[in-house]
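From a predicted model like this one, the values you see are computed outputs, not experimental measurements. First the proteins, then the strands, lettered A, B, ... as listed; each starts at 1.
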Amino acid sequence: MNYWLLKSEPDVFSITDLKKRPGQTEPWDGIRNYQARNFIRDDMRSGDLAFFYHSNCDVPGIAGILKVAGAARPDPTAFDQNHIHFDPKSKPDSPAWYLVEVKFVKQFKRIISLNELRQHKALSNMRLLQKGNRLSVMPVTASEWQYILKLE
DNA sequence: GCCAACGTTGGC
DNA sequence: GCCAACGTTGGC
């Protein structure tokens, strides 16, 4: 079992949006970064858990938990000329970009803010908190995961 | 809206 | 292969 952190801008897609989706599942599409792609394609397994992180908003932070609900598959939005995430580099016979289906697990009663996470020395090595970090898909260690769960 | 950090692109 | 220019991310 691996743990992850997935970022999304809540104005675009929030944990509340995921909760309201039919079946509470959604394809996590639009990832266009190779490091993030490699995590999704090569390391994510169905059943893995991830923090749902709200970025680029009033209070950035962890909003809840989701579950990886299937194996990685090519991101179809990359093939669609009319889609905002269209990328001519990606072809159906040699896809550049991948996605996984995600399923809602829980919404935290409050946002565990980025600012709060920074207060905890136990989390100082967390990838999210490193300077210049911009990855939208990143691993979380088991100890970081357990520690953050207790903060809710 | 600003801007630091970082990834990508493309000329050479 | 180098690197300047450019675009994007995302906190503030």
Should [X] and [Y] count as an ion pair when the cut-off is N to O under 4.0 Å?
X        : Y        : answer
A/Arg127 : A/Glu144 : no
A/Lys19  : A/Glu26  : no
A/Lys106 : A/Glu152 : yes
A/Asp87  : A/Lys89  : yes

A/Asp75 backbone acceptor or donor facing A/Asp29 side chain under 3.5 Å |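 Not a single qualifying donor-acceptor pair exists.
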Covered region of DNA chain B, 5' end to 3' end, by chain A [heavy atoms, under 4.0 Å] |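 On DNA chain B, the outermost contacted nucleotides are B/dA5 to B/dT9.
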Which pairs with one or both residues in residues 122-150 of chain A pass ring-ring contact (aromatic ring centres under 6.0 Å, His included), sequence neighbours excluded?
->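 Found A/Tyr3-A/Trp145, A/Phe51-A/Trp145, A/His120-A/Tyr147.
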Enumerate the residues from residues 48-58 of chain A whose closest heavy atom to DNA chain C is under 4.0 Å, giving them by residue number; use none for an empty result.
->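 Here the set is A/Tyr53, A/Ser55, A/Asn56.
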In residues 83-95 of chain A, which residues come under 4.0 Å of DNA chain C by heavy atom?
->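 The answer is none.
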A/Tyr34 or A/Lys131: which one's nearest nucleotide on DNA chain B is closer to the 5' end?
->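 The 5'-side residue here is A/Lys131.
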Can we call the ring centroids of A/Trp4 and A/Phe52 under 6.0 Å apart?
->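 No, too far apart.
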So, do A/Phe86 and A/Phe79 sit near enough that their side-chain heavy atoms are less than 4.5 Å apart?
->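 A side-chain contact under 4.5 Å is absent here.
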Output all residues satisfying side chain to side chain contact (heavy atoms under 4.5 Å, CB included) with A/Arg37, sequence neighbours left out; order by chain, then residue number.
->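 Result, side chain to side chain contact (heavy atoms under 4.5 Å, CB included) vs A/Arg37: A/Tyr34, A/Arg41, A/Trp97, A/Tyr98.
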Can you sort out the partners of A/Ser143 under side chain to side chain contact (heavy atoms under 4.5 Å, CB included), two or more places apart, ordered by chain and number?
->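 Partners of A/Ser143 by the side chain to side chain contact (heavy atoms under 4.5 Å, CB included) criterion, ordered by chain and then number, come out as A/Thr141.
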